[in-house]
Amino acid sequence: MVMSKPVACSRMYNLSPRIRGLWDALFALASSQSGIELEIIAHAAPAPLSELWARPDLGAVFMCGYPFSRMPEAARPTVLAAPVSSEAWSLDQPLYASHILVASTGPVNAVADLAAAHWGWTVRDSQSGYHAARSYLAGRFAGTMKQITTVGPLLNPSGIVAALKDGRIDAGAIDAYAFQLLSMHEHDAIDGLRILTTTEPLPAPLLVAAQTLPVDITTALKQSLVTLHETPEGAAALERLGLRRFSAVAPSAYDILPQRADDADRRLGIPW
């Protein structure tokens with residue numbers, strides 16, 4: 001029987017054709033350096049990310065830490081590495097945050113206004129587009145918010161950006177690394193928006209492989225990713241994506257995410 005090639009996919013950060021092309025180039029380089037032939041796919045929106053993460057042929061695919069952390073340990077895919085952004089909020093570690101965005105000329109002018117803002121959210125299993133915002137609000141306004149109006153699911157950062165621009169929402173949280181990519185390569189997309197505040201750093205989305213993939217293959221892919229910055233070609237590919245390197249991460253680092261989400265649910269007391 002001929003085995004299919006493991007797939008690579010940057011769907012979480014496929015924010016434009018140009019950005020996807022940069023990811024495809026990075027995956028091609030990792031494939032070449034590891035000696036593992038990867039099939040690079042788009043799995044374009046609106047195809048559900050859950051369908052992508054359930055595939056048995058994952059080779060190097062971005063996965064949000066929140067759904068990963070909610071899976072039973074025995075069912076989790078194999079962790080390869082997580083990205084380290086060049087932005088200050090990463091603390092030079094495999095961490096990310098969420099930017100709470102508002103329209104530059106919109107009704108929200110200060111953090112205090114967020115308690116009464118019309119919020120947008122991406123999907124309920126997203127750390128950056130849903131749980132980060134709720135944790136932030138719980139920390140600021142626990143016990144004082146009686147109700148809130150929301151629009152969702154808006155699917156991804158592009159959905160939040162579009163809803164802010166057309167006035168359907170007053171505020172929304174998006175992955176700070178996604179915002180970094182847009183700032184670098186698609187600045188017109190975020191024109192007219194501003195960062196009101198940024199949530200605290202937490203473990204970044206991770207590249208995973210199927211649990212059933214042979215160990216020698218996952219080992220080679222992991223080694224290729226975490227050493228990519230050591231070669232001139234790899235360092236250049238990473239720089240074009242605003243990254244310093246990929247770093248090895250422990251699956252247990254993500255266990256904090258459901259704890260924080262459950263705590264926010266209790267403290268906020270407002271369903272979305």
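When a residue number appears, it is its place in the shown sequence, counting from 1. Values below: every heavy atom of this structure, side chains too, minus hydrogens, waters and symmetry copies.
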Just by modelled atom types, is the [Y] backbone N or O under 3.5 Å from a matching donor or acceptor in the [X] side chain?
X: R76; Y: M71; answer: yes
X: S90; Y: S85; answer: yes
X: S34; Y: A30; answer: yes
X: K5; Y: I36; answer: no
X: R11; Y: A42; answer: no

How many angstroms lie between [atom1] in [X] and [atom2] in [Y], if you round to the nearest 0.5 Å?
X: L38; Y: I41; atom1: CG; atom2: CD1; result: 10.5 Å
X: R134; Y: I148; atom1: CZ; atom2: CD1; result: 8.5 Å
X: F179; Y: I160; atom1: CZ; atom2: CD1; result: 13.0 Å
X: L26; Y: S31; atom1: CG; atom2: OG; result: 11.0 Å
X: I270; Y: D265; atom1: CD1; atom2: CG; result: 11.0 Å
X: S16; Y: L182; atom1: OG; atom2: CG; result: 7.5 Å

Would [X] and [Y] show up in the same hydrophobic cluster when neighbours are defined by side-chain heavy atoms closer than 4.5 Å?
X: V161; Y: L155; result: no
X: L207; Y: V226; result: no
X: I174; Y: L95; result: no
X: L241; Y: L29; result: yes
X: I19; Y: L228; result: yes

Show me, pair by pair, the donor-acceptor contacts under 3.5 angstrom made by side chains of residues 44-65, not counting sequence neighbours?
residue, atom, partner, partner atom, Å
W53, NE1, F62, O, 2.9
R55, NE, D57, OD1, 2.9
R55, NH2, D57, OD1, 3.4
R55, NH2, D57, OD2, 2.8

Under the salt bridge (charged side-chain N to carboxylate O under 4.0 Å, His left out) test, residues paired with [X] that sit two or more places apart:
X: R260; answer: E200
X: E73; answer: none
X: D263; answer: R266, R267
X: R124; answer: none

Answer whether the closest heavy-atom distance between the side chains of [X] and [Y] falls below 4.5 Å.
X: D125; Y: F68; value: no
X: V123; Y: Y130; value: no
X: Y13; Y: D175; value: yes
X: L221; Y: Q33; value: no
X: L80; Y: V208; value: no
X: I195; Y: L101; value: yes
X: S135; Y: T199; value: no
X: S158; Y: N156; value: yes

Exercise for review: Under the side-chain hydrogen bond (donor to acceptor under 3.5 Å, both in side chains) rule, collect the residues that match up with E87, sequence neighbours excluded.
Suggested key: none
Practice item. Using the test side-chain hydrogen bond (donor to acceptor under 3.5 Å, both in side chains), find all partners of D170 that sit at least two apart in sequence or belong to another chain. Key: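 Scan of D170 (side-chain hydrogen bond (donor to acceptor under 3.5 Å, both in side chains), adjacent residues dropped) gives none.
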Side chain to side chain contact (heavy atoms under 4.5 Å, CB included) involving [X] - partner list, sequence neighbours excluded:
X: S86; value: Q180, R244
X: A115; value: F141, M145
X: P94; value: A82, V84, S247, V249

Check your understanding: If you look only at pairs with a residue in residues 97-119, which of them pass as a side chain to side chain donor-acceptor pair (under 3.5 Å), with sequence neighbours excluded?
Key -> H99-T198
**Study point:** Qualifying side chain to side chain donor-acceptor pair (under 3.5 Å) pairs, either residue in residues 202-226, two or more places apart
**Key:** none
Check your understanding: Can R168 and L154 be said to form a side chain to side chain contact (heavy atoms under 4.5 Å, CB included), step by step?
Key -> CA-CA 11 Å; R168 284 181 290 143; L154 295 171; 3.8 Å; yes
**Study point:** Test log, rule ring-ring contact (aromatic ring centres under 6.0 Å, His included), inputs W89 and Y96
**Key:** CA-CA 7 Å; W89 42 255; Y96 79 145; 7.6 Å; no
Practice item. Give the intermediate values and the outcome of side chain to side chain contact (heavy atoms under 4.5 Å, CB included) for residues L137 and L114. Key: CA-CA 8 Å; L137 291 173; L114 293 173; 4.2 Å; yes
**Study point:** Y254 vs Y66, side chain to side chain contact (heavy atoms under 4.5 Å, CB included): CA-CA, chis, key distance, verdict
**Key:** CA-CA 7 Å; Y254 294 83; Y66 180 78; over 6 Å; no
Practice item. Please lay out, stage by stage, how L196 and V108 fare under the test side chain to side chain contact (heavy atoms under 4.5 Å, CB included). Key: CA-CA 9 Å; L196 182 67; V108 175; 3.7 Å; yes
Point to revise | Side-chain ion pair, R245 and D92, N-O less than 4.0 Å | key: yes
**Study point:** Minimum-distance pair of heavy atoms, taken over all atoms of A138 and A142
**Key:**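 Nearest heavy atoms, A138 then A142: O-CB, 3.0 Å.
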